[in-house]
Amino acid sequence: MTTFKKTLIALAASLPVLAISLPSQATMSPYMEKALIDVCKAAKSNSLIKLNGTTKGYRLSTKTVALKLMCNGEDVISFAESYGADKTAARLQRSIGNVSITDVAALSKVKVTF
């Protein structure tokens, strides 16, 4: 088999894989993009009424927004804080809840006598 035929067969075999993987990089719908931009603007506004109304209007959970939304390359809480929106940043932080890490190994004390 010639090199040309081998290359052609390899290309033909990889084409379906490429065709399947391309749609997985789907673009965001205009509605979803507008919703996320509106939530970022509401977080920046430092108005709890506006933030709650926007998230409820688009049927988004405040916890999901706080954990997963990125505004201009920052998480939404840091984004709000960078614009001085302390009330909305605190509300988003409270929606996540308290997280505590307990080191189990540090709880047990070891006594050594010599």
Side-chain angles (χ1 to χ4, degrees):
M1 205 186 278
T2 64
T3 307
F4 178 72
K5 285 184 180 179
K6 288 180 184 177
T7 306
L8 189 61
I9 291 172
L11 183 62
S14 64
L15 193 58
V17 173
L18 183 62
I20 291 171
S21 67
L22 286 179
S24 66
Q25 299 174 356
T27 59
M28 191 181 311
S29 72
Y31 175 79
M32 181 57 72
E33 185 176 8
K34 182 180 179 335
L36 297 178
I37 289 171
D38 287 347
V39 172
C40 287
K41 288 180 181 178
K44 179 180 165 182
S45 73
N46 204 25
S47 169
L48 294 177
I49 294 170
K50 188 171 184 176
L51 179 65
N52 289 335
T54 305
T55 54
K56 289 182 190 250
Y58 287 111
R59 295 183 181 180
L60 296 171
S61 161
T62 308
K63 183 177 181 178
T64 303
V65 167
L67 291 174
K68 297 184 180 181
L69 180 60
M70 300 288 287
C71 300
N72 293 343
E74 297 179 282
D75 63 284
V76 69
I77 298 170
S78 299
F79 176 76
E81 287 174 343
S82 68
Y83 282 96
D86 296 328
K87 288 189 237 175
T88 54
R91 170 68 180 101
L92 290 166
Q93 186 66 42
R94 279 193 313 271
S95 72
I96 295 172
N98 294 333
V99 177
S100 64
I101 299 172
T102 305
D103 189 3
V104 177
L107 294 177
S108 61
K109 295 182 181 181
V110 178
K111 292 183 181 181
V112 178
T113 57
F114 55 98

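Small disclaimer: the values here were computed from a predicted structure and weren't measured. When reading the values below, keep in mind they use all heavy atoms of this one structure, side chains included, and skip hydrogens, waters and symmetry mates.
Atoms OG1 and CD, on Thr88 and Glu81 in that order, are 9.0 Å from each other to the nearest 0.5 Å. Interatomic distance, Ser78 OG to Tyr83 OH, rounded to the nearest 0.5 Å: 12.5 Å. One distance of note links CZ of Arg91 with OG of Ser47; it measures 12.5 Å at 0.5 Å rounding. Here the straight-line distance linking atom CG of Leu60 with atom CG of Asp38 works out to 10.5 Å at 0.5 Å rounding. Distance check: Leu36 CG to Glu33 CD gives 8.5 Å after rounding to the nearest 0.5 Å. The distance from atom CG of Leu51 to atom OG of Ser45, rounded to the nearest 0.5 Å, is 7.0 Å.
Leu48 is not connected to Ile96 by any chain of hydrophobic side-chain contacts under 4.5 Å among Ile, Leu, Val, Met, Phe, Trp and Tyr, and they are in different clusters. Two different hydrophobic clusters hold Phe79 and Ile77 under the rule that ILVMFWY side chains link at heavy-atom gaps under 4.5 Å. Following chains of ILVMFWY side-chain contacts shorter than 4.5 Å, one cannot reach Leu92 starting from Ile37, and the two form parts of different hydrophobic clusters. Under the 4.5 Å side-chain heavy-atom criterion for grouping Ile, Leu, Val, Met, Phe, Trp and Tyr, Leu67 is connected to Val76 within one hydrophobic cluster.
In plain terms, the two heavy atoms of Ala80 and Ala43 that are nearest each other are CB-O, 3.6 Å. Between Ala85 and Lys44, the shortest heavy-atom distance links the atoms CB-O, 3.6 Å.
The closest donor-acceptor contact from the side chain of Asn46 to the backbone of Lys87 lies under 3.5 Å. In this structure, Thr54 contributes its side chain and Lys50 its backbone to a donor-acceptor pair below 3.5 Å.
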Dump the intermediate steps for side chain to side chain contact (heavy atoms under 4.5 Å, CB included) on Val39 and Leu69, then the final yes or no.
-> CA-CA 9 Å; Val39 172; Leu69 180 60; 3.6 Å; yes

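Looking at Tyr58 and Met32, their side chains never come closer than 4.5 Å, going by heavy atoms from C-beta outward.
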